[in-house]
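Hydrogens, waters and symmetry mates play no part in the numbers below; they use all other heavy atoms, side chains included.
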Amino acid sequence: MSAAPLHIFFIASWLPSRHDAFEGDFILRHAQAIATMHKVSVAYVIESDIAQNTHEIWETEEQGNIIIHRIYIHPKYNSVFKKQRYYQTIEKLFLHCNQQNKVDIIHANIHWRAGYAAYRLFKKYQTPYVISEHSGYFNTKYYKQHTVNNYSFLKKYYVRQSLVHANMCMPVSAYLATWMKKFDPKIKTTVVSNVVDTSQFYFEKINTDSPFIFLHASMNWPEKNVLKIVEAAKLLAEENNNFQLHLHIPFSASIHHYITQYHLENIVLQKGLVPHTHMPSVIQAANATILYSDMETQGCIVIESLCCGRPMIVSNAPVFPEMVNDTNGLICGSTAINDLKNAMFQMMQNYSIFQQELLAAEAASKYGFEAIAKLFSNVYSNVLQLRNLDA
């Protein structure tokens, strides 16, 4: 582990901003965890209508040991012939931060474009870099035409160069690491999970007088199978009415129609999206969380729920056994509706077997700020030690 705090230039592909208040909040939490041990300068550059009347708008926010630079550049720079503006802006900010306090390591988040930006800086200034990876686009089986294998020849070449030359790549799960190795076996990987702020996500006893509450929270993307969750709730309601399913998703007309068609208004409640700061109380008000996805690279709601001591019901997506086992949840054998209905019934019948306070403590020891910050710090230390040996 590094003996002294380092200065990390942290390039984010996604980040909460005026452009999108929700996107990339998990990347920001990585920066916040790292900042418990190191100085972090965050760079987030995006082509956005926010800069409609000017070339670029710079905003700076300080959060303790983090300085966040959000730079909105005019949408015209998203055109094929003007994309260099993104990399030029990142470089300009890097030089500014380096002048203020020498940058020890560049930490990019997502292989494209942040990863390639880090690679360009390394080639020009010889500053070592690492890449955190959250994207599922390495999974050629699920994403097919959208995967890295179907990038244009030039983009795929740049991605490969960025990943292979990184001092370390840090996928959030072993499952994602496997897919990255399939893209190129020369990529060096070590798993560093998404992180949970356990000062907010912690165990609180559930109100036992309330109906049993199942929670699902997502952006309702197709792979989340939200309608299947609602259909399973319908089947369960035919046997047991002493439960509710709370959906924290964007309003869905099709799901609303299904709820009204089958008179589930008292069972399935569309609660809408809430800011991430409100999620702890949402999870703590529920008995169990459901994530029934076809594919996940990890799933922040899983580790947040576990840190609150709430057991999980998950599908058979390959990543889930890395986090969920018979002490903290149920893994279904498929994404079939009846399998989920049975798991929901089993969870209600056998809820007392989950030692929730212990479950929360074990999750916090794996996914809390301290644990993840130490993993990142060890990676940084190893990178710098090897660099010194090579010098």
Side-chain angles (χ1 to χ4, degrees), residues 22 142 206-276 278-296 299-302 304-306 308-317 319-320 324 328-354 356:
F22 294 97
Y142 184 80
I206 190 74
N207 182 359
T208 54
D209 295 330
S210 302
F212 193 100
I213 296 174
F214 292 103
L215 164 69
H216 172 81
S218 76
M219 294 302 293
N220 192 24
W221 293 327
E223 63 265 30
K224 304 295 182 179
N225 290 323
V226 179
L227 184 55
K228 284 187 177 182
I229 299 173
V230 177
E231 290 172 329
K234 172 186 171 292
L235 294 180
L236 183 60
E238 293 168 0
E239 303 172 3
N240 187 323
N241 284 315
N242 193 30
F243 77 94
Q244 289 182 343
L245 170 62
H246 291 184
L247 299 177
H248 284 273
I249 61 173
F251 178 79
S252 167
S254 60
I255 289 175
H256 176 73
H257 175 73
Y258 189 93
I259 291 169
T260 55
Q261 180 183 4
Y262 292 103
H263 309 294
L264 299 172
E265 292 90 342
N266 295 325
I267 299 290
V268 181
L269 286 69
Q270 286 202 75
K271 295 275 194 172
L273 292 176
V274 298
H276 189 260
H278 294 179
M279 279 307 298
S281 59
V282 167
I283 295 171
Q284 289 159 351
N287 294 82
T289 300
I290 301 173
L291 190 58
Y292 213 56
S293 306
D294 291 319
M295 200 289 298
E296 293 282 347
C300 290
I301 189 66
V302 176
E304 288 167 351
S305 296
L306 295 179
C308 289
R310 300 302 185 256
M312 292 295 310
I313 297 176
V314 294
S315 69
N316 64 339
V319 74
F320 288 136
V324 181
N328 62 16
L330 301 172
I331 301 177
C332 297
S334 71
T335 53
I337 296 165
N338 207 56
D339 277 2
L340 177 55
K341 186 270 290 187
N342 290 337
M344 293 169 73
F345 179 78
Q346 184 181 344
M347 179 68 73
M348 293 176 68
Q349 293 296 108
N350 301 296
Y351 192 65
S352 62
I353 70 171
F354 298 104
Q356 293 181 54

Next item on the list: Side-chain contact test, heavy atoms from C-beta onward, threshold under 4.5 Å: evaluate it for His216 versus Tyr292 and give yes or no.
Entry: no

Check: Is it the case that more than 12 heavy atoms not belonging to Asn266 sit under 6.0 Å from its CG atom?
Finding: no

Checklist line | Approximate separation, where rounding is to 0.5 Å, of Leu269 CG and Ile213 CD1 | finding: 9.0 Å

Next item on the list: Search all heavy atoms of Ala286 against all heavy atoms of Leu215 and return the closest pair with its distance.
Entry: CB-CB, 3.8 Å

Next item on the list: Might you point out which heavy atoms bring Phe345 and Leu236 nearest each other, and give the distance in Å?
Entry: CB-CD1, 3.9 Å

Note to self: To the nearest 0.5 Å, what is the distance between CZ on Phe212 and CE on Met344?
What the structure shows: 8.5 Å

Next item on the list: Look up atom CD in Gln270 and atom CD1 in Ile259, then write down how far apart they are to the nearest 0.5 Å.
Entry: 4.5 Å

Please report, to 0.1 Å, the donor-acceptor pairs under 3.5 Å made by any side chain of residues 242-251, with sequence neighbours excluded.
unit_1 : atom_1 : unit_2 : atom_2 : d
Gln244 : OE1    : His246 : NE2    : 2.8
His248 : ND1    : Gly272 : O      : 3.0

Notebook entry, point to check: Side chains of Lys234 and Glu238: does their closest heavy-atom pair fall under 4.5 Å?
Noted result: yes

Checklist line | Beyond-backbone contact of Gln356 with Tyr351, side-chain heavy atoms, under 4.5 angstrom | finding: yes

Item checked: Side-chain donor/acceptor of Lys228 to backbone N/O of Thr335, under 3.5 Å -> yes

Check: Please, which pairs that meet salt bridge (Lys or Arg N to Asp or Glu O under 4.0 Å) have at least one residue in residues 216-225, sequence neighbours excluded?
Finding: Lys224-Glu296

Next item on the list: For Asn316 and Cys332, indicate whether the former's side chain and the latter's backbone hold a donor-acceptor pair under 3.5 Å.
Entry: no

Margin query: In the structure I gave you, are the side-chain heavy atoms of Ser252 and Val226 within less than 4.5 Å of one another anywhere?
Written below: no

Next item on the list: Check the pair Val230, Tyr262 against side-chain contact (heavy atoms from CB on, under 4.5 Å), reporting the backbone distance first and the verdict last.
Entry: CA-CA 11 Å; Val230 177; Tyr262 292 103; over 6 Å; no

Note to self: For the CE atom of Met279 and the SG atom of Cys300, what is their distance to the nearest 0.5 Å?
What the structure shows: 10.5 Å

Checklist line | Heavy-atom check, side chain of Tyr258 versus side chain of Glu231, under 4.5 Å | finding: yes

Note to self: Measuring from atom CG of Asn342 to atom CD1 of Ile337, what distance do you get when rounded to the nearest 0.5 angstrom?
What the structure shows: 12.0 Å

Item checked: Asn350 (side chain) donor-acceptor with Gln346 (main chain) under 3.5 angstrom -> yes

Note to self: Could you tell me if the side chain of Pro311 sits less than 4.5 Å from the side chain of Leu330, heavy atoms only?
What the structure shows: no

Next item on the list: With the side chain counted from C-beta on, respond yes when Ile229 and Leu340 share a heavy-atom pair under 4.5 Å apart, and no when they do not.
Entry: yes

Next item on the list: Quick one: closest heavy-atom pair of Ala237 and Leu264, and the distance?
Entry: CB-CD2, 4.5 Å

Item checked: Heavy-atom side-chain proximity of Ile313 to Phe214 below 4.5 angstrom -> yes

Checklist line | salt bridge (Lys or Arg N to Asp or Glu O under 4.0 Å) contacts in which one or both residues fall within residues 332-345, not counting sequence neighbours | finding: Glu239-Lys341

Check: Which heavy atom in Asp294 sits nearest to a heavy atom in Ala317, and how many Å separate them?
Finding: O-CB, 3.8 Å

Note to self: For Ile301 versus Met312, what's the shortest heavy-atom pair and its separation?
What the structure shows: O-SD, 4.3 Å

Note to self: I need the minimum non-hydrogen distance between Cys308 and Ile283, along with the two atoms involved.
What the structure shows: CB-CG2, 3.7 Å

Check: Just by modelled atom types, is the Ser293 backbone N or O under 3.5 Å from a matching donor or acceptor in the Ser315 side chain?
Finding: yes

Check: If you round to the nearest 0.5 Å, how far is CD1 of Ile290 from OG of Ser218?
Finding: 11.5 Å

